[in-house]
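Basis for what follows: all heavy atoms, side chains included, without hydrogens, waters or symmetry-related copies.
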Amino acid sequence: GASGDLTTRLLLPALYNLKRTNLLPEEFAVLGFAKDELSEDDFRKRARAHIGEYAGAPADCSKCDWLADRLSYMVGDFANPADFVRLRDKIAELDNKYHTQGNVFYYFATLPQFISEIIQRLGEQGLTREDQGNWRRVIVEKPFGHDLESAKALNREIGQVLKETQT
């Protein structure tokens, strides 16, 4: 979830550090998806504050502002197929605005029991499909299942939607 501790303490500071060292392209945007009722402006303000707190960014920081401007947020529920339709539409909107060429990187910072369902929903909306030279990649933050058997089952379920080169 985009509103969680991993995003706050690790992902946003990492993105800031990539921008600080000129390793993020101009054709870049982040779309957070979580259950928390949060406006896009509040998400950006919180992110900007967390970048300062956890990455040591200065208060007057143009690179922080650049990153915050490219942050979007939507309230959604992993179990609601309609939210994945909205997600598809928002990704297309951001692609048009930031010229990301249809490239999407999904980072799942969520509990293992939701991973298979999320990937299935992404697949249903064509959000994992690679065409016209674009790429779609998925990273699943650990834990990956709760034991060896559940990890194997999750891997099989993911393999029904994603090619190995996408994970």
(Q) For E27, give me all partners under salt bridge (charged side-chain N to carboxylate O under 4.0 Å, His left out), at least two apart in sequence or on another chain. (A) none
**Q.** Residue pairs passing the salt bridge (Lys or Arg N to Asp or Glu O under 4.0 Å) test where at least one lies in residues 157-167, sequence neighbours excluded
**A.** E130-K163
Q | Rounded distance (nearest 0.5 Å) linking atom OG1 of T128 with atom CD of Q120 | A | 9.5 Å
Q | Any residue meeting salt bridge (charged side-chain N to carboxylate O under 4.0 Å, His left out) with D83, in chain and number order, not counting sequence neighbours | A | R86
Q: Look at atom CG of D131 and say whether more than 12 heavy atoms of other residues, nucleotides or ligands are closer to it than 6.0 Å.
A: yes
Q. For the side-chain contact (heavy atoms from CB on, under 4.5 Å) test, which of V138, T110, I158 pairs with I118?
A. T110
**Q.** Greater than 12 external heavy atoms within 6.0 Å of E26's CD
**A.** yes
**Q.** L148: side chain to side chain contact (heavy atoms under 4.5 Å, CB included) partners, not counting sequence neighbours
**A.** K152
Q. Of all residues at least two apart in sequence or in a different chain, which pass the side chain to side chain contact (heavy atoms under 4.5 Å, CB included) check with D147?
A. E149, S150
Q: Could you pull out all residues at least two apart from F84 that satisfy ring-ring contact (aromatic ring centres under 6.0 Å, His included)?
A: F33
**Q.** Shortest non-hydrogen contact between P81 and R121, atoms and distance
**A.** CG-NH1, 3.6 Å
Q) Heavy-atom distance under 4.5 Å between the side chains of I119 and Y106, does that happen here? A) no
Q) Looking at side-chain heavy atoms only, is the closest gap between Y73 and D36 below 4.5 Å? A) yes
Q) Any chance CD of Q101 has more than 12 other-residue heavy atoms, nucleotides or ligands included, within less than 6.0 Å? A) no
Q. Can you tell me how far CG of D69 sits from SG of C64, rounded to the nearest 0.5 angstrom?
A. 11.0 Å
Q. Among all residues two or more places apart in sequence or in another chain, which pass the side chain to side chain contact (heavy atoms under 4.5 Å, CB included) test with N96?
A. none
Q. For E141, which residues count as a salt bridge (charged side-chain N to carboxylate O under 4.0 Å, His left out) partner, sequence neighbours excluded?
A. none
Q. Do L23 and L67 sit in the same hydrophobic cluster, where Ile, Leu, Val, Met, Phe, Trp and Tyr count as joined when their side-chain heavy atoms come under 4.5 Å apart?
A. yes
Q: Heavy atoms only: give me the nearest F28-R70 pair and the separation to one decimal.
A: O-CD, 3.1 Å
Q | Heavy-atom pair with the smallest gap, counting every atom of A2 and G32 | A | CB-CA, 3.3 Å
**Q.** Heavy-atom check, side chain of L122 versus side chain of V161, under 4.5 Å
**A.** no
Q) How long is the span from the CZ atom in R137 to the CG atom in L162, to the nearest 0.5 Å? A) 10.0 Å
Can you give each donor-acceptor pair under 3.5 Å made by side-chain atoms of residues 8-18, sequence neighbours left out, with the distance rounded to 0.1 Å?
| unit_1 | atom_1 | unit_2 | atom_2 | d |
| --- | --- | --- | --- | --- |
| T8 | OG1 | G4 | O | 2.9 |
| R9 | NE | D5 | OD1 | 3.0 |
| R9 | NE | D5 | OD2 | 2.8 |
| R9 | NH2 | D5 | OD2 | 3.2 |
| N17 | OD1 | R20 | NE | 3.0 |
| N17 | OD1 | R20 | NH2 | 3.1 |
| N17 | ND2 | P13 | O | 3.1 |

Q) Out of curiosity, K19 NZ to W66 CH2, how far, rounded to the nearest 0.5 Å? A) 4.5 Å
Q. Considering only heavy atoms from C-beta outward, does the side chain of T100 approach that of L94 to under 4.5 Å?
A. no
Quick one: side chains of residues 45-52, donor-acceptor pairs under 3.5 Å with protein atoms, not counting sequence neighbours, listed by atom name and distance.
| unit_1 | atom_1 | unit_2 | atom_2 | d |
| --- | --- | --- | --- | --- |
| R48 | NE | D65 | OD1 | 3.1 |
| R48 | NH2 | A59 | O | 2.8 |

Q) Roughly how far, to the nearest 0.5 Å, is the CG atom of L127 from the CD1 atom of I91? A) 5.0 Å
**Q.** Pairing residues for K63 by the salt bridge (charged side-chain N to carboxylate O under 4.0 Å, His left out) criterion, not counting sequence neighbours
**A.** none
(Q) Just to verify, what does F114 make a ring-ring contact (aromatic ring centres under 6.0 Å, His included) with, not counting sequence neighbours? (A) F78
